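Reviewing the structure listed below.
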2 protein chains.
Amino acid sequence: MEAAVSEILKRSQLSVTDSRKRILEFFHQSSGALAHADIERLSGEQFDRVTIYRTLQTFVEKGIIHSIPTADNSIRYALCKDDCAEGHHHDNHIHFVCDKCGTTFCLDHVSIPAVQLPMGFTSSQTDVIVSGVCKQCNAA
Amino acid sequence: MEAAVSEILKRSQLSVTDSRKRILEFFHQSSGALAHADIERLSGEQFDRVTIYRTLQTFVEKGIIHSIPTADNSIRYALCKDDCAEGHHHDNHIHFVCDKCGTTFCLDHVSIPAVQLPMGFTSSQTDVIVSGVCKQCNAA
DNA sequence: TACATATTTGCAACTTTGTTGCAAAACAAA
DNA sequence: TTTGTTTTGCAACAAAGTTGCAAATATGTA
């Protein structure tokens with residue numbers, strides 16, 4: 001794991017630092033998406049708030065993570081799949097938000113249906129956010 | 001217009017006040033969705049920030065407007081169609097965000113395609129946000 | 001390994017955004 | 001009108017995010 005995240009950072013031409021390794025590990029260990037506050041909590045205030053902001057921003061720019069649209073005012077981030085290149089995200093997968101446990105999942109294996117836009121509109125990206133109850137909460 | 005918004009407020013059992021009338025008019029006059037900051041600007045600082053926050057919150061609760069998920073950290077609101085009852089929104093239409101002018105449109109006449117969820121997941125609502133270039137910007 | 005350079009971090013101060021309690025003002029019903 | 005309820009604006013606060021800069025860390029080269 002430790003080695004894996006360093007490789008990812010190097011591939012993105014980023015200096016390998018403690019904060020970047022730790023934060024990237026959090027994403028790899030987490031089943032759902034993470035918000036800034038989650039990372040602050042997970043790291044036990046080890047890093048400055050500013051460092052976390054800047055690290056997340058850098059990861060987004062480098063295509064390592066992407067932000068997920070939410071109706072409440074919290075930005076959540078999740079790992080991008082390999083086909084996310086720098087600058088341009090084509091993370092065309094579905095995000096599922098569980099109403100019970102609050103976890104946000106990326107459903108990578110669910111394909112996004114094509115949307116028929118009105119005349120004159122052209123699309124570059126489609127985000128689908130399904131809310132409901134997740135597998136774990138339905139079983140409980 | 002003036003009369004129309006008063007009717008809407010009464011139907012939702014809300015007191016008809018200056019701020020509510022003005023803010024509701026802004027939504028009727030706007031082609032796209034509005035954020036808190038837009039309303040502050042449109043009203044020319046006529047109303048207190050707090051009043052705008054509370055008015056928007058009340059409108060959401062009464063099913064007059066709904067919030068739109070965004071990837072950046074700004075909540076935007078748009079008018080609900082008639083079938084939005086108090087407490088429960090089934091605004092199952094597509095939201096389109098223009099990358100050029102930043103306007104958010106509700107595409108009411110575009111139907112949301114069904115999504116095939118993995119085993120164990122149940123859905124209560126589906127939001128689709130398409131980003132790209134809108135009709136006006138494509139023409140220009 | 002040590003050095004020089006470039007990048008990143010943490011701190012402090014600040015801005016923006018959103019919340020809460022309460023008295024004054026506006027509204028609704030009689 | 002008058003009375004009781006709701007809403008507004010103010011003030012103070014809390015949370016979230018940004019910026020500049022010096023110290024610390026990482027990288028490439030010798």
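Note that the coordinates shown come from a computational prediction; the quantities given were computed from them, not determined experimentally. Only this structure's heavy atoms are used, side chains among them; waters, hydrogens and symmetry mates stay out.
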Task: A:F121 ring center near B:F96 ring center (under 6.0 Å) - done: yes
Open item on the list: What is the distance, to the nearest angstrom, from the OH atom on A:Y77 to the C1' atom on D:dA16?
Closed with: 12 Å
Task: Integer-rounded Å distance: C:dG18 C1' and B:I75 CD1 - done: 9 Å
Task: Whole-Å distance separating the CG atom of B:L9 from the C1' atom of D:dT6 - done: 14 Å
Open item on the list: Apply the hydrophobic cluster definition, ILVMFWY joined by side-chain contacts under 4.5 Å directly or through others, and give me every member besides A:M119.
Closed with: none
Open item on the list: In this structure, how many angstroms lie between the P atom of C:dT16 and the OH atom of B:Y53, rounded?
Closed with: 12 Å
TODO: Can you see which heavy atom on B:C106 is nearest to which on B:H95, and at what distance?
DONE: SG-CD2, 3.5 Å
Task: Pairing residues for B:R41 by the side-chain hydrogen bond (donor to acceptor under 3.5 Å, both in side chains) criterion, not counting sequence neighbours - done: B:D38
Open item on the list: So if I take residues 36-50 of chain B and measure heavy-atom distances to DNA chain D, which residues fall below 4.0 Å?
Closed with: B:D48, B:V50
Task: Angle of first-five versus last-five pair axes in the helix from C:dT1-D:dA30 to C:dA30-D:dT1, to 10 degrees - done: 50°
- [ ] Could you check how far CD1 of A:I52 sits from P of C:dC11, rounded to whole Å?
- [x] 12 Å
Open item on the list: What is the separation between atom CZ on A:F59 and atom P on C:dT8, rounded to the nearest whole Å?
Closed with: 11 Å
TODO: Could you tell me the separation between the CG atom of B:L56 and the P atom of D:dT7, rounded to a whole number of Å?
DONE: 15 Å
- [ ] Share the residues that join A:I129 in a hydrophobic cluster, the rule being Ile, Leu, Val, Met, Phe, Trp or Tyr side chains under 4.5 Å apart at the heavy-atom level.
- [x] A:V97, B:V97, B:I129
Open item on the list: I'd like to check the ring pair (Phe, Tyr, Trp, His ring centres under 6.0 Å) partners of B:F26; sequence neighbours left out, ordered by chain and number.
Closed with: none
Side-chain donor-acceptor pairs of residues 43-51 of chain A under 3.5 Å, sequence neighbours excluded:
unit_1: A:S43; atom_1: OG; unit_2: A:I39; atom_2: O; d: 3.0
unit_1: A:S43; atom_1: OG; unit_2: A:E40; atom_2: O; d: 3.1
unit_1: A:Q46; atom_1: OE1; unit_2: A:R22; atom_2: NH1; d: 2.4
unit_1: A:D48; atom_1: OD2; unit_2: A:V50; atom_2: N; d: 2.9

- [ ] Rounded off to whole Å, could you give me the CD-to-P distance for the B:Q57 and C:dT17 pair?
- [x] 18 Å
TODO: Can you sort out the partners of A:T55 under side-chain hydrogen bond (donor to acceptor under 3.5 Å, both in side chains), two or more places apart, ordered by chain and number?
DONE: none
Task: Partners passing side-chain hydrogen bond (donor to acceptor under 3.5 Å, both in side chains) against B:T103 (at least two apart in sequence or in another chain) - done: none
Task: All side-chain hydrogen bond (donor to acceptor under 3.5 Å, both in side chains) counterparts of A:D99, not counting sequence neighbours - done: B:S124
Taking N or O atoms only and anything under 3.5 Å, show me the protein contacts with nucleotides 21-30 of chain D, one pair per line.
unit_1: D:dT27; atom_1: OP1; unit_2: A:V16; atom_2: N; d: 2.9

Determine all donor-acceptor pairs shorter than 3.5 Å in which one atom belongs to a side chain in residues 133-140 of chain A; sequence neighbours excluded.
unit_1: A:N138; atom_1: ND2; unit_2: A:V133; atom_2: O; d: 3.3
unit_1: A:N138; atom_1: ND2; unit_2: B:G120; atom_2: O; d: 2.7
unit_1: A:N138; atom_1: ND2; unit_2: B:T122; atom_2: OG1; d: 3.1

